[in-house]
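Following: one structure in structure tokens, then a few remarks.
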Amino acid sequence: MTPARQSPPRPGRRNARAAAPAAPAPPAAPAVTPPAPTRLDLLRTMLLVRHFEERCFELYSGREIRGFLHLYTGEEAVAAGVTAALAPDDAVVSTYRDHGHALARGVPADAVMAEMFGKATGTSGGRGGSMHIFDVSRRFYGGNAIVGGGLPLAAGLALADRMRDTGRVTCCFFGDGAFAEGEFHETANLAALWRLPLLLACENNLYAMGTKLAHEHAVTDLALRAASYGMPAWSVDGMDATAVALAARQAVDGVRGGGGPYFLELRTYRFRAHSMYDPDRYRSKEEIARWRARDPVTALAARMRVDGELDDDALKKLEDLAAREVEDAVEAARAAPEEPAADLLRHVVSPAEEPA
Amino acid sequence: MTGPGTLTGGGPGAPPSGAPRTVTYREALREALREALAADDRVFLMGEDVGEYGGGFGVSLGLLEEFGPERVRDTPLSESAFTGAGIGAALGGMRPIVEIMTVNFSMLALDQILNNAATLLHMSGGQCPVPLVIRMTTGAGRQLAAQHSHSLENWYAHIPGLRVLAPATVEDARHMLAPALADPDPVLIFEHGSLYNTSGELAPDAGPVGLDRAAVRREGRDVTLVTHGGCLPKVLEAAGALAADGVSAEVVDLRTLRPLDDATVVESVARTHRVVLVDEGWRSGSLAAEVAARIGEQAFYELDAPVERVCSAEVPVPYAHHLEQAALPQAADVVAAARRAVG
Ligand SMILES: Cc1ncc(C[n+]2csc(CCOP(=O)(O)OP(=O)(O)O)c2C)c(N)n1
Ligand SMILES: [Mg+2]
């Protein structure tokens with residue numbers, strides 16, 4: 001983690017001119033940041049995501065999954081570390097590269113896999129697919145396939161919590177490409193202005209599709225620019241799960257404590273192409289190999305080994321467990337029923353409004 | 001509003017008792033907002049200049065003083081962010097009312113409205129209803145030139161997942177908001193800029209109106225005039241002129257632009273056998289085109305004359321008064337079209 005660039009705290013803007021009626025009752029127990037994750041916790045999550053993504057790659061090649069598929073391979077430390085800092089009642093807003101966020105958040109692998117198979121047992125009954133995983137029971141408000149489109153939404157979730165004083169935090173994942181969108185800048189300003197409990201988790205993987213960071217941003221120091229909106233903004237080694245977890249905990253605690261939004265630039269890299277459509281022509285094999293040498297999963301396992309927390313047997317067991325969970329999900333998805341086409345028009349409007 | 005405030009109000013409402021009050025459309029909207037803010041502490045209003053300024057069109061004047069800056073929230077100029085924040089706050093348990101100053105600026109929030117508000121319920125397999133109300137001014141007629149004069153409610157009426165309302169009377173201005181807030185899905189309310197200063201009578205004990213039916217604003221036998229929003233006063237004026245000439249025109253106010261109430265339109269056409277569609281939108285791809293198609297599908301054999309349309313000329317709305325008026329549907333155009341239809 002590089003040193004924090006903090007701007008001085010801004011005075012609150014709560015000088016209500018007239019007393020507002022009592023806010024609706026907040027959720028029963030105020031959200032509390034969970035205890036710091038162990039390295040084993042982080043490793044388990046990362047292994048699940050890694051196995052899931054690599055299996056999706058095969059399934060796509062075997063034509064069992066279709067549509068757009070954006071894999072998270074290489075970026076696992078970000079999802080594992082950031083979500084470990086969130087309480088069950090906190091909210092997450094994700095992107096089209098959302099499997100890793102969903103799994104790390106505890107969305108069951110079989111429901112995510114079934115969604116990609118377009119099955120009735122999928123998180124959205126097959127209406128969303130890979131890019132639109134939702135699980136409101138875990139306050140996972142979706143993969144959003146419009147670059148930057150989840151940011152205003154996340155600010156709104158945070159606004160609801162701030163107005164009701166719930167102590168909850170909303171975490172929004174987005175990429176370096178999204179940082180160039182107006183929606184990022186509008187949201188950053190709004191969130192800082194209203195001191196919303198929002199964690200802006202920017203996954204800087206150095207590319208927006210095929211466009212290099214330096215070809216999309218005049219100033220490539222994203223944390224520096226985020227700080228200019230009046231929020232603490234840190235750059236973090238996104239290939240180091242423990243560093244991510246530590247930074248995320250500090251940021252989430254700051255947000256939960258009423259410090260307004262925090263920005264984390266998580267420096268990472270995707271090992272696979274942007275999507276399954278992408279021939280990956282814009283970066284060299286050498287560059288990819290250099291980053292693969294910093295594989296966040298192997299790196300964490302290696303450090304645990306050095307510290308005597310892990311041996312070959314234990315690692316093998318963890319790998320097998322993750323592989324088993326993914327394989328079970330695949331089998332269940334294959335066997336699952338399809339949503340009946342007669343239900344095509346369900347969920348366009350809420351049930352009370354549906355024509356009889 | 002001038003014109004006979006008669007006939008069906010489009011939904012349940014107790015018969016008036018006590019003296020009706022005369023209020024402006026703007027006051028009716030403000031009363032509705034005040035009532036909603038007082039009734040439910042999940043409701044809040046946000047948008048550009050809704051607070052200290054009192055609303056771009058003065059609708060929310062005084063509400064900041066009454067309800068405070070948490071619930072009457074001035075936002076920065078960032079249509080996408082505050083509209084999206086309304087969506088997120090709705091997901092988070094609130095009942096936001098987002099005011100976008102005018103439909104012209106809503107283009108900057110179109111992504112949030114189309115790709116989030118209208119799709120989240122479906123993409124999430126029913127997990128994410130978005131109980132959000134978005135209000136905006138629409139329409140031309142005040143010499144504001146091309147960029148401030150659009151009528152684009154038909155674009156929004158194209159989108160599954162949204163409900164689109166166009167209150168044209170003080171009664172609808174006053175009473176559409178509560179049922180809109182009670183709707184579990186996103187509702188867009190288009191307020192035509194020419195209506196704010198119009199006035200009409202409001203029954204003291206009228207309740208919420210229905211949002212599913214068009215309203216017959218004037219009964220007639222010879223021709224049906226279908227319209228919505230800011231064109232209603234012009235169409236009622238045309239109906240008056242036609243009556244003076246012995247042509248009995250029925251006026252249907254669509255009120256809800258999505259979902260369209262085909263039944264009321266078709267039923268009227270089945271009685272009059274002639275129809276004129278009046279729409280301030282550009283003719284190509286207009287709401288009038290959609291209504292014409294539905295009449296063609298459902299009432300073709302009832303027609304004794306081709307469907308007539310009176311729409312805006314296909315030109316960016318010009319500034320100069322005479323040019324602007326030439327571009328917009330006028331009562332005289334409606335009269336002429338009705339005469340052609342009646343033959
Ligand atoms: C508004 C919008 N513009 C363009 C696209 C096409 N697109 C999808 S992902 C992407 C790159 C986004 O890059 P980044 O935000 O860095 O996220 P990453 O894919 O690297 O995780 C683009 C251009 C889109 N989906 N939405
Ligand atoms: Mg990127």
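Letters A, B, ... mirror the listed sequences (proteins, then strands); counts begin at 1. Keep in mind the model is a prediction, meaning the values are calculated, not measured. Only heavy atoms go into these numbers, but all of them, side chains included; no hydrogens, no water, no symmetry mates.
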Review point. Looking at A/G143, A/A160, A/G148, which one has more heavy-atom pairs under 4.5 Å with chain B than the rest?
Key: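 Heavy-atom pair counts peak at A/A160.
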Check your understanding: Among A/G149, A/G125, A/G150, A/G129, which residue forms the greatest number of heavy-atom pairs with chain B at distances under 4.5 Å?
Key ->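 Ranked by contacts with chain B, first place is A/G149.
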Between [X] and [Y], what is the shortest heavy-atom contact and its length?
X: A/W194; Y: B/D74; result: CZ2-O, 3.5 Å
X: A/R168; Y: B/G92; result: NH2-O, 4.5 Å
X: B/N116; Y: A/L153; result: ND2-CD1, 4.0 Å
X: B/E70; Y: A/M163; result: O-CE, 3.2 Å
X: B/L121; Y: A/S350; result: CD2-N, 3.6 Å
X: B/H122; Y: A/R346; result: CD2-O, 3.4 Å

Point to revise | Between B/A81, B/P186, B/P129, the one whose heavy-atom pairs under 4.5 Å with chain A are most numerous | key: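 Looking at each option in turn, the highest pair count goes to B/A81.
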Exercise for review: Check each atom of B/T83 against the heavy atoms of chain A and say whether the ones under 4.5 Å are side chain, backbone, both or neither.
Suggested key: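 Neither part, no heavy atoms under 4.5 Å.
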Could you tell me the separation between the [atom1] atom of [X] and the [atom2] atom of [Y], rounded to the nearest 0.5 Å?
X: A/L159; Y: B/F44; atom1: CG; atom2: CZ; result: 4.5 Å
X: A/H185; Y: B/S78; atom1: NE2; atom2: OG; result: 13.0 Å
X: A/I146; Y: B/Q112; atom1: CD1; atom2: CD; result: 9.5 Å
X: B/L108; Y: A/E186; atom1: CG; atom2: CD; result: 7.0 Å
X: B/D111; Y: A/E181; atom1: CG; atom2: CD; result: 8.5 Å

**Study point:** Validation row: A/V136, B/C128 side chains within 4.5 angstrom (heavy atoms)
**Key:**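 The answer is yes, as the side chains (C-beta and beyond) meet within the 4.5 Å cut-off.
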Check your understanding: Can you tell if the side chain of A/L193 reaches within under 4.5 Å of the side chain of B/P76, non-hydrogen atoms only?
Key ->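 Yes, at least one pair of side-chain atoms sits under 4.5 Å.
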Point to revise | A/E183 side chain to B/S80 backbone, donor-acceptor under 3.5 Å | key: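 Side chain of A/E183 to backbone of B/S80: no pair is present.
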**Study point:** Backbone of B/M123 reached by a side-chain donor or acceptor of A/S124 within 3.5 Å
**Key:**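 Yes; judged by distance alone, with no hydrogens or angles, the pair exists.
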Check your understanding: Which bit of A/D135 comes within less than 4.5 Å of chain B, counting heavy atoms only: side chain, backbone, both or neither?
Key ->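 For A/D135, heavy atoms of backbone and side chain both lie under 4.5 Å from chain B.
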